[in-house]
Amino acid sequence: MADLSDIARRVEHLRAEVARHERLYRVEHQPEITDARFDALVRELQELEDAHPELAAPDSPSRTVGDDRLDAFETVRHIRPMASLDNTYSRDELSAFDQRLMRTLADERADPGEPLPYIVEPKIDGLAISLVYEDGRLVRAVTRGNGEEGDNVTANVRTIPTLPDHLDGDGHPDLIEIRGEIYMTLAEFQRVNQEREREGEPKFMNPRNLAAGTIKQLDPRVVARRRLEIVLYSVGAHEGIRFDRQRDVHERFRAWGLPVVEKYWQARGLGEAWAAIEELDRLRSTFAYPTDGAVIKLDRVAWQDIAGSTSKAPRWAISYKFAAEQAETVLRKISIQVGRTGALTPVAELDPVVIAGSTVSRATLHNEDEIARKDIREGDTVIVEKAGEIIPAVVRVVTEKRPAGAAPFDFAARLRELGHDAERVPGQAAWRLKGRNNPDLTRRRIEHFAGRTAMDIDGLGTEIVRQLIDADVVRDIPDLYRLKPDDLLPLEKFAQKSADNLVAAIDASRANDLWRLIHGLGIPHVGAQSAKDLARHFKSLDALMAADTGTLAEVDGIGPVMAESITAFFADPDNEARVRALADEAEVNTRALDADAPDQPQTLDGLTFVITGTLPSLSRDEAKALIESAGGKCTGSVSKKTDYLLAGESAGSKLDKANALGIPVIDEAKLRAMLDG
Ligand code: IVH
């Protein structure tokens with residue numbers, strides 16, 4: 001039997017761990033462990049606290065709902081606190097929940113043995129939100145925060161296209177807190193991640209983290225560019241209306257035109273509830289939202305009130321989480337991925353294995369500390385998990401199957417073997433390449449510079465860049481502009497014509513618009529869209545470089561993180577030297593092309609376009625540039641917010657969608673007429 005001081009130490013440790021993971025999940029949106037692992041930690045903590053009441057503490061993370069608040073947002077008090085839910089993973093635990101309620105309600109019912117009326121709903125894997133409607137009008141949207149008070153994210157929530165500003169019908173309550181979940185579809189998650197990959201920015205782990213990170217953006221226009229969705233399922237405070245049953249909540253919401261769950265089940269007793277859960281598990285892959293479990297709620301509100309709540313969660317509702325899918329496989333090798341900014345990320349190369357319907361051959365290992373904490377070694381048999389998560393993760397090692405002689409993984413030594421000149425970022429678990437002449441970093445930097453969404457230099461792809469660096473004819477971006485065909489001819493992949501073409505393509509890029517150069521520099525956090533926002537605002541590279549963080553943060557589309565990143569970038573002497581060499585020696589254009597032109601009439605101001613199909617004379621990029629120069633906006637997918645679909649030949653699903661939504665469809669000729677006003 002462990003003595004009390006051991007137990008106290010364990011409790012202490014668990015509290016710190018739970019608080020840390022809670023923060024990673026709720027504030028940083030970068031969880032390191034799965035929900036199931038997290039729940040297991042909380043449960044162990046709870047059990048120890050129950051068994052040793054002398055160790056219990058009112059502020060233990062086992063009793064609170066955590067906190068998601070950030071300083072940048074206004075804090076708002078919920079009218080009725082937002083509780084969390086107790087999670088279960090087994091039918092036995094559900095049965096205990098049912099038994100408890102039967103006992104609590106015994107005196108209320110003529111036949112205390114009769115099965116209880118439940119509602120079974122999907123448990124949506126998003127982030128909780130509370131909407132305040134007054135007289136049918138949306139006035140506020142608040143995150144859960146610490147359960148008592150949350151962040152005011154109204155402006156961001158208003159960008160959600162499916163959320164009505166006014167409730168349909170009449171007879172609205174004077175006031176109601178409507179609660180639900182904000183989420184992102186898998187398709188939108190993949191679209192955003194593809195875009196980030198193209199722009200060399202780190203990808204998000206899963207739709208939930210992306211949705212949570214998006215709702216905490218300071219600029220609602222960034223939020224509007226990533227399509228968020230919402231689904232509503234419960235009420236907080238309400239005045240001037242009554243709900244007798246949970247079922248009424250769903251039906252009222254539906255009548256008001258609010259997005260509601262696709263399906264819910266009425267069940268009498270636990271047996272029927274269990275059948276509903278099984279059906280939900282079969283159906284959930286067809287739902288629009290990520291569903292990671294079921295929520296079982298007592299249907300009668302009067303009985304809910306009698307059952308009451310704990311400090312953290314109601315006693316009349318519980319969630320049942322579906323087990324994440326796991327599989328066992330062998331980790332062959334740990335490879336190191338090099339990011340655009342020099343970040344070095346470890347990746348597990350696995351024997352391919354099918355999990356949750358797809359083949360997995362790589363999994364994230366997060367960072368050096370995670371590998372050490374889980375003691376993951378090459379050759380180990382590991383458990384890989386793919387939950388709601390899209391990027392699979394290594395959960396643990398099956399140590400019994402460890403091959404003799406497998407050595408602990410030495411991250412620093414591996415980096416040396418690979419020839420990476422790297423350092424660990426002070427205060428972080430991350431490593432990054434160091435030094436201005438690091439060939440890996442130079443390669444990534446040039447690839448990005450030449451990429452389609454940056455300087456768009458034809459013929460300067462990955463292979464050619466590698467060759468130029470290996471042959472030492474290029475050491476940094478400005479060297480590109482000194483290349484002559486004769487420098488290229490000795491290289492393997494070049495003949496006279498291809499050498500001439502590449503030099504001509506590089507030369508042509510000198511005349512590019514300013515935003516391409518800004519994006520091409522590879523400033524961390526600055527993607528193509530932000531580069532356009534910056535170019536539009538500052539009109540010259542000099543003006544951008546002279547701006548301080550405060551000025552930058554005030555530019556439309558630029559938040560504080562990006563502003564910091566931009567000033568830090570130009571403050572670095574290597575970066576400054578590179579930019580100077582490009583501007584002064586290589587004579588690359590550093591002004592916005594429209595900077596000197598008389599202001600073009602903003603005939604499309606405030607209009608949002610989607611472009612699809614092949615246009616008669618314009619490429620899509622050209623059409624986009626025309627629209628933007630007249631003050632319009634282009635987005636990738638058709639929604640209620642789209643004003644016009646510009647369609648050319650062989651338009652496909654976007655055209656169908658526009659027709660279905662009644663969005664006007666125009667051709668190139670009509671666009672030109674609109675441009676001319
Ligand atoms: S009811 C007092 N219903 O899951 C009742 N919550 O893990 C509280 N959630 O805090 C919420 N789907 O953010 C409810 N159908 C559903 C839900 C749901 C997802 C969230 C909610 C809750 C968390 C608990």
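Both ligands and their constituent atoms are indexed starting at 1 by order of listing. Just the heavy atoms: all of them, side chains too, but no hydrogens, waters or symmetry mates, feed the values below.
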*Heavy atoms only: which of Lys123, Arg80, Lys297 is nearest to atom 3 (N) of ligand 1?*
Lys297
*Establish, from distance only, whether the side-chain atoms of Gln246 and His250 form a donor-acceptor pair under 3.5 Å.*
yes
_When you compare the side chains of Tyr264 and Arg247, does any donor N or O come within less than 3.5 Å of an acceptor on the partner?_
no
*asked:* Quick test: of every protein heavy atom, which one is nearest to atom 13 (O) of ligand 1, and how far off is it to 0.1 Å?
replied: Glu181 OE1, 3.1 Å
*In the protein, which heavy atom is nearest to atom 17 (C) of ligand 1, and how far is it?*
Tyr233 CZ, 3.4 Å
_Top protein contact for atom 12 (N) of ligand 1, by heavy-atom distance_ = Ile124 N, 3.0 Å
*Taking the six-membered ring for Trp, are Tyr320 and Phe322 parallel (under 30°), tilted (30 to 60°) or perpendicular (over 60°)?*
perpendicular
_With heavy-atom distances below 4.0 Å as the criterion, list the atoms of ligand 1 near Glu121._
3 (N), 15 (N), 16 (C)
*What are the atoms of ligand 1, with element, lying closer than 4.0 Å to any heavy atom of Ala128?*
13 (O)
_Does Arg20 form a salt bridge (Lys or Arg N to Asp or Glu O under 4.0 Å) with Glu22? I'd like the steps, not just the answer._
CA-CA 5 Å; Arg20 184 171 79 86; Glu22 181 88 51; over 6 Å; no
*Identify, by atom number and element, the atoms of ligand 1 in contact range of Ala83, meaning under 4.0 Å from any of its heavy atoms.*
10 (O)
_Can you tell me which portion of Leu85 lies within the under-4.0 Å heavy-atom range of ligand 1? Options are side chain, backbone, both, or neither._
both
_Glu93 and Arg43 ion-paired at < 4.0 Å_ = yes
_Heavy-atom distances under 4.0 Å decide this one: backbone, side chain, both or neither, for Met82 against ligand 1?_
neither
*Any side-chain donor paired with an acceptor under 3.5 Å for Thr214 and Arg226?*
yes
*What is the closest protein heavy atom to atom 22 (C) of ligand 1, and at what distance does it sit?*
Arg144 NH1, 3.8 Å
*Within 45° of the axis and under 6.0 Å from the centre of the six-membered ring of Tyr118, does NZ or CZ of Arg300 qualify?*
no
*asked:* For atom 2 (C) of ligand 1, what's the nearest protein heavy-atom neighbour? Residue, atom name and distance, please.
replied: Pro314 CG, 3.5 Å
*Can you tell me if Ala317 has a non-hydrogen atom under 4.0 Å from ligand 1?*
no
_Structural part of Pro122 in contact with ligand 1, heavy atom criterion under 4.0 angstrom_ = backbone
_Tell me if the aromatic rings of Tyr133 and Trp256 count as close, with their centers under 6.0 Å from one another._
no
*Check: Trp265/Glu279 side-chain N/O donor and acceptor closer than 3.5 Å*: yes
